[in-house]
Structure formats: C-alpha cells, structure tokens
Amino acid sequence: MNSKILKVVGLRYSSSSSAYIFLASIHVYYIKAATMATTSIPITTLTPHHRIPHIPTNKDRYFSNHPTILLINQSSNPKQLKQIHAQMIRNGLFYDPFSASVLISAFALSNLQDVKYAHKLFDQMPQPNLYTWNALIRAYSSSKDPVQSLFMFIQMIHGCNEVVPNKFTYPFVIKAAAELLDRRVGEVVHGMAVKMSFGSDVFVLNSLIHFYASCGCLDSAYRVFLNIQVKDVVSWNSMITGFAQGDRADDALQLFHEMQGEGVRPDEVTMMSLLTACTKKLDLEIGRWVHSNIEKNGIKGRLNLNNALVDMYVKCGSLEDAQKLFVKMPEKDIVSWTTMLVGYAKSGHFINAKRHFESMPKQDIAAWNALISAYEQTGNPKEALAIFNELQVSNKAEPDTVTLVSTLSACAQVGALDLGCWIHVYIKKHKINLSCHLVTSLVDMYSKCGDLNKALEVFSSADCKDVFVWSAMIAGLAMHGNGSDAIELFKKMQESSIRPNGVTFTNLLCACSHTGLLQEGRDFFKKMKPVYGITPGVKHYACMVDMLGRAGLLEEALSLIKTMPMPPLASVYGALLGACKLHGNVEVAEEASARLLELEPSNHGAYVLLSNIYAKSGMWDKVASLRKRMKDVGLKKEPGCSSLEVNGVVHEFVVGDNTHAQSKLIYGKLNEVFEKLKSIGYEPNRSQVLQCVEEEDMQEQALHLHSEKLAIAFGLISLTKSQPIRVMKNLRVCEDCHNVAKMISKVYDREILLRDRYRFHHIKAGVCSCKDYW
DNA sequence: GTAGGGTTAG
C-alpha cells in the first residue's frame, strides 16, 4: 500500500486487520482519486474536519419537537431546506446532533436529494452520530459516485470517531460494492460483517445476495440464500431477480414455485422479476401465466407492473396483448407510452408509431430515441436520420448519448460522413462525455463512411477503451483491407489486458480473410478455445470457410463444414459459394447452393452467384434454366443501390436511374467516361453482363447503367478533385464496375472509395486496396 | 429518539 496515498487519506496504521484488508482492497480507488488532479472529491471528503466542540445542554431532549425540526419534513424544495439550515445555525439548533441529523437526512435521502450539500453539513457537525454516518453512506451508495460510500465507511472505522458500524451500515456498504461491481470489496465487507456478528442478519444477507448476483457470482449468491435461516420475501425476490437478470430464467421460475411451496406471498417485486425472466426467455406463455397470477393475487403496484407487462408483451412479440393492456391501464406514465411506442416502431408499424408518438402527453428525449433507434435497427437508416433532423429543427428535446449512438449508427449505414462529422463536433462542443459506447459508435461510423484515419484518431485519443471499442477498430481495419494492422491492434489489445470476446474474433478472422492471411487466420481460430476460452460459433466457421475458400482450398473448407459442431447457417454456404465463384468451381458451387437453398429457399444471392459461376464457365443453358427457376419461385432480387453524399445530402441511385435532378448531366458524363475508357482499351466484361442481367435487370445495357457507375459519374461532376468520391453500395460490387472504377481513378486522377456489402475498395491511380481479391 | 435489503423504458 502506497504510504503517500495513506497520507492523502489521513489514516492511522493501528487498525484492525480486517479493516486493513478492506483498505487494501479498495486501494485502487484511492490511486484513482489521488491521481485525479482536478476533482477534489476524495480530498475534501477525507481532509480532517474542523469541528466545533459540542456543548451538551439539558435542553437537548426538547429539540425533537422544536418547530424548526418539524418544518424540515414539510419543506418541498432544497431552497427552503437551506433557509432552515441558516436558521438552525443562528439559533444553535444545528449543534445538537439529533437536530442536525434530521436536517442531513433530509438533504441526503429525501426526494430533494443533494448529497454534496448533506456532506458539507456533515463535515460541519461537531459530533456526527451513527445515524448521520449511515444516512450519508446510504445516500452515496445509490448515488452516481458509490465509491464515496466506501470512503466514508473507512473514515468511520479508522477515524477517531466514537461510532462503530452497526447492522444498518453494512447493507449500504454492500450495496455500494454491488454498484461498483467490485467483487473483492464486497467479499471483504462480507467478512467484516460476519466478524462483527451480523452474519445472520437477514438485511445484511439479502444485500449480499444482490451483491454476488450483480457481480455475476450466482452460485455464491445462492449459497448465501440457502444459508438464510428465516427467508423473507426480499430474500426470495433478491435471488429470483439474480437468476432472472443473470440469464437463468428457468432457475428464477423454479425458485418462484419453491417460494409458493413455502407459503411466502409474492409481491410486486417478485412479479417484476418474473416478468424480466419471461422477457429474457421471450416466453409469451409464461408471461401470460404471470399476468393471470398478478390478477389472481391482486398484487398492488399497478402502474409499474402494467408497464413491465406491456414491455413483456412487446418483447415477446404480442403487440395485440400489449395494446389491449395499454388501452385499459387506469394510469399511464411516460414509461408506459414509451414502451408502447417501442413496440410499434420495432415491429415495423411506423404509421402507428408516429401517430402514437404524436399523441404522447410529453415527448421527452427517450421517445425520440425510441423512434430513431427503431428505424435504425430495422434497416431504415434514412428514416432514422429524418427523425433526428426533425428533433434538431423542433428543438423539443436535447439529444443525449442514446440519441447520438443511434444516429451515428444510422450515418454509418447510409455512409453519411458529413452528418457523422457534425455529430462528432456536436459532442465536442457540448462536452458530452465520450463513453465507450459513444467511442465505439464514432469509430464504427468513420470506418464505415470510409474515413479510416479519422476512426484511428478517435480510437487512439479515447480514454475509454473497452472490448467493444477495440473490436470496432479491428473491424474498421478489416473492412479496409488492413489485415496486418488489425492483427497488430489485436496484440496491443491484449497488452492492455482487455479480454477479447466472440465479436473480436469474428472481426479478426474477417481481417485475415480479406487480406489473405491464411496462416494467421488458422492460428487464431485454433487458439480461440484453448487460449482465449471462446468457443467458435457459426460466424467464426463462416469466416474460416471464407478464408479457406478464397485461398482456393475448397476441399478443406468443405471438410471444415462437416466437422462443425452446430448446424451450418446460410452464411457458411454463402461463403463457400463466393469462393466457388472466385475459383470457377462448378461442382462444389452446385452442392453449396443446393444446401443454401435448403436453408433459405428464397435466398436470391445463391441464384445470382450460381448463375455467375455458370456464366464464367460458359454454361449458358444452365444460366437460362436457373433464371427460369428463379422466375418460377417468384424471386425478386434486392435492387442494387448506390449512394454518395455531396454537401451533406445523400444522393441515391438505382440501376438505370433517371429520377435524379441532374440525370442528363450524369448520363452525359457517363458517355464521355466510356468514350475515354474505350480509347485506352476498355472492354465490357461479358460474363458480368450476364451477372447484371441476373442481378439488376433484364436489359442488355444494364451493365453500363449499374448504380455505382451512375454514382461515380455524379461524383465526378459534383465534387472537387481533392474530395474522394465515396460510394456506398448495398450489394457486392461487380467485376466490371470494379474495373471501370480503377480506370476512372487513373484517367481522371481521382480517389474513389467504394463500399460494398462486405468491405471497402480504396481505388487510386488505377490500383485497388483489395488487390482484386474480394 | 429517527432508518435498512430486492424492481420497470431508451
């Protein structure tokens, strides 16, 4: 333990051993506090107070009935409380411990909470009594800064105070440890509580259940639970909640049955936890059963319970039940309205959602967020951006982190770099805290909008880097084809002792696959389970199949599929099929597409790829019959669509598009481009014509009218030479377009960034970053 | 001479 830190804290060494262990276990917080030069929180908290000596008088006993004291509980705002405080200093009442404690708990605990003010009062108290200590520890435990509870607790057991923690103190301190998710601290406090013979206090034990469950130690929590001699309803609830939130819904339900068997009457909280369990399990039937149970038992707390019920129905997919309940709810609050709004929006009932939104009594930021994120998550990023724009214009609510995260994700999807940058500036201007979540969104947005340098800049300057931030950056490097940088970053991530998760590996394997780093990829895949403890999932196998397939090892890819411990999803065969296209392997392609169509009969990608493969081998009859089969099944393919942003406006093009205001200019430019390219030897790729006929349209010139060509032509006429042309395409880019883009970059001296469904192509001076390997 | 543990939207 650092003696400097001890000095900061002002502690004495002559402490009991358990207290010392406690101190040691929270030393990391002290280090943090001591290194925070600007925030004075721990310092002010821990500087010895200047205490005015208390002179007891025999009038003390009258103070509890003093009119000023009675006023405290009647005051309705902090200002009044402060006036009372002033008066109490004047008349000396403040120097009576009891009177001061009433005032402090009013500041610390009432709905007018101002913990900092309460703490200042506490510091001025001549002799804070145990009640006051507890009030403050409690207030901090549920505040934004639970560490302060621990600091107070230390002061309490170390300082020259005449108070000793009692059975009230421990639950608060344990709560603080739970809030901090700090297992070591909680365990030490647990030990101290036992030593102080509070080890069988049901309040202490219940808070311990909550603590262990919060830290993910459900088994420890359950051991504590089993050890409680006389369990009350809170004991059961704490354990049920622990199971419900720890993804052990079945155990939660099982425990509920046991609880009923023991004759303990469930209450509102029990039912709330059960609903959490149903919602996690997405089990509508059990949800309905809980609903009837609530009605049958006449459990109170209608508003909260009804809100949770509506949420359960929404999440379990019964919008009708949710709506029915919502309509007949006697009381509704903003949560009820928002939950229902999310229900409409997430299930794609956008008209209902908008109508509901407009009839809401109050449209707070959460309501806006519900709309924005629902649009963004259901693949309607443009609508999400429109709502965000509406929010900005209307000025009806202030965007918060959730708003920005959702909007950034929408920007990433459509490739709206200008708006994304604008949000980044907004964050800086409003000094919004760059949480890990926000950093992840920014890195993702910049990567997907093609500005990898900006993504790297955000990444390296971020203070907050969790596994999601690192994974997003690895994904960014992967999609831009910087495989070896991705691997380097993965190494750095481990040096920072951040543990990779399944997503990290998906991105890492993807990086290896895009760059052709076969040996590295194989290595990582092999190490996943034994070294990193992550069981490879379907996505990882899909990456490996893709990687092996690209390298031409189709047989090995096939045998890997056969060893998969889980049924392969369509993506696995899709990867194989893509590889067959690259290497022109008809035989394996036929098998792969057959399997793919078994899994997803309407996967047009399978038809398109297979027909491309036939075309490449000149098997035109097969192409024709495949086309007929597609028609028979009634398959319409997703239309190819490209977009690019000019001055903050996103322009969209579909194949053969002539709806654009500058359509004539665009086609004029396109003709000029083809003249120029032909003069230097460009020849349209015939196999690609067929691909296009399948892919985009049934017309002969379809090839020239591909959406990405239109978008690039528009870029040529509307952007300056210094601005790269950033085109986002929803499907894979075809070989002809890829070739044309390369030639344009050379002839017109332009930088072209082409994002397709899978990755980025950085095209400059006739060369593409993908090395024609995609 | 005051009190305490478990809960729901985005």
Side-chain angles (χ1 to χ4, degrees), chain A residues 60-65 69 72-73 96-106 108-109 129-139 141-142 165-175 178 198 201-211 213-214 221 224-225 228 231-242 244-245 266-276 279 301-312 314-315 332-343 345-346 364-374 377 397 399-403 405-406 437:
Chain A
D60 279 9
R61 60 199 161 93
Y62 297 116
F63 290 161
S64 60
N65 290 323
I69 301 300
I72 292 176
N73 292 326
D96 163 56
F98 174 77
S99 309
S101 73
V102 175
L103 185 65
I104 286 182
S105 50
L109 306 173
N129 57 17
L130 182 56
Y131 177 81
T132 328
W133 279 95
N134 286 346
L136 215 52
I137 292 178
R138 176 187 167 201
S141 74
S142 50
N166 65 358
K167 62 174 183 171
F168 292 104
T169 320
Y170 285 97
F172 306 141
V173 182
I174 294 165
K175 167 96 185 278
F198 298 121
D201 181 278
V202 71
F203 284 83
V204 172
L205 292 169
N206 289 346
S207 60
L208 281 168
I209 296 176
H210 170 69
F211 158 74
S214 309
V224 174
F225 172 78
I228 303 178
K231 302 176 184 67
D232 64 7
V233 66
V234 178
S235 319
W236 290 94
N237 287 349
S238 304
M239 201 59 238
I240 291 175
T241 307
Q245 295 187 338
D267 66 2
E268 183 197 343
V269 179
T270 324
M271 292 309 179
M272 296 284 268
S273 300
L274 287 182
L275 287 174
T276 307
T279 306
R302 298 307 310 191
L303 178 62
N304 284 347
L305 269 177
N306 282 337
N307 283 347
L309 277 166
V310 172
D311 183 52
M312 180 277 293
V314 161
K315 296 225 171 93
K332 297 180 182 100
D333 66 358
I334 187 81
V335 175
S336 337
W337 283 90
T338 313
T339 310
M340 202 59 227
L341 175 64
V342 171
K346 289 248 160 95
D364 69 351
I365 190 63
W368 289 89
N369 290 345
L371 274 187
I372 295 173
S373 68
Q377 283 168 20
D400 65 4
T401 310
V402 179
T403 326
V405 165
S406 307
H437 208 153

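We name chains A, B, ... by the order of the sequence lines, and we start the count at 1 in each one. All values below come from the heavy atoms of this structure, side chains included, with hydrogens, waters and symmetry mates left out.
The salt bridge (Lys or Arg N to Asp or Glu O under 4.0 Å) analysis of residues 301-311 of chain A, with sequence neighbours excluded, yields the pairs A/Glu295-A/Arg302, A/Asp311-A/Lys315.
Taking 4.5 Å as the limit, every side-chain heavy atom of A/Thr338 sits out of range of all side-chain heavy atoms of A/Asn369. Side-chain atoms of A/Trp368 and A/Thr403, non-hydrogen and from C-beta on, never get closer than 4.5 Å to each other.
Contact annotation for A/Val342: backbone-only contact, meaning every heavy-atom pair under 4.0 Å involves sugar-phosphate atoms and none involves a base. Note on A/Asn73: nothing from the nucleic acid sits closer than 4.0 angstrom, heavy atoms only. If you check every strand for non-hydrogen atoms under 4.0 Å, A/Asn307 touches nothing. As judged by a 4.0 angstrom heavy-atom cut-off over every strand, A/Ser101 is placed among the base-contacting residues. Counting any heavy atom pair closer than 4.0 Å across all strands shown, A/Val202 reaches a base atom. The residue A/Lys175 sits close only to the backbone: its heavy atoms come under 4.0 Å of sugar-phosphate atoms, none of a base.
Using modelled atom types, one side-chain atom of A/Asp364 and one backbone atom of A/Ala367 make a donor-acceptor pair closer than 3.5 Å. Side chain of A/Asn166 to main chain of A/Thr169: a donor-acceptor pair is present (N/O by atom type, distance under 3.5 Å, no hydrogens or angles).
Of the candidates B/dA9, B/dT8, B/dG10, the closest approach to any side-chain atom of A/Ile365 belongs to B/dG10. Across B/dT8, B/dA3, B/dG10, the shortest atom-to-atom separation from the side chain of A/Ser373 is found for B/dG10. Looking at the side chain of A/Val102, the nearest of the listed nucleotides B/dT2, B/dT8, B/dG10 is B/dT2. Among B/dA9, B/dG4, B/dT7, the nucleotide with an atom closest to any side-chain atom of A/Ile334 is B/dA9. Each of B/dT7, B/dG10, B/dA3 was ranked by its minimum atom distance to the side chain of A/Asn134; first place goes to B/dA3. Of the candidate nucleotides B/dT2, B/dG10, B/dG4, B/dG4 has the atom lying nearest to any side-chain atom of A/Arg138. Each of B/dT7, B/dG4, B/dG10 was ranked by its minimum atom distance to the side chain of A/Ala370; first place goes to B/dG10. In this structure, of B/dT2, B/dA9, B/dG10, it is B/dT2 that holds the atom nearest to the side chain of A/Phe98.
Note: CG (A/Leu309) to P (B/dT8) measures 14 Å, nearest angstrom. Atom NE2 in A/His210 sits roughly 16 Å away from atom P in B/dG4 (whole-Å rounding). Distance A/Ile209 CD1 to B/dT7 P: 12 Å, rounded to the nearest Å. For the pair A/Arg302 CZ and B/dT8 C1', the interatomic distance rounds to 14 Å; values are reported in whole Å. One atom, CZ of A/Phe172, and another, P of B/dA3, lie 11 Å apart when rounded to the nearest Å. The nearest whole Å value for the distance from the CD1 atom in A/Ile372 to the P atom in B/dG10 is 14 Å. Atom pair A/Phe168:CZ and B/dG1:C1' shows a separation of 12 Å (rounding to whole Å applied). A/Leu130 places its CG atom 14 Å from the P atom of B/dA3, with the value rounded to the nearest Å.
For B/dT8, the OP1/OP2 oxygens have a side-chain nitrogen or oxygen of A/Gln245 closer than 4.0 Å.
Look at A/Tyr131 and the base of B/dT2; the rings stack, centres closer than 5.5 Å and planes less than 30° apart.
Aromatic ring orientation, A/Tyr170 versus A/Phe198: tilted (interplanar angle from 30° to 60°).
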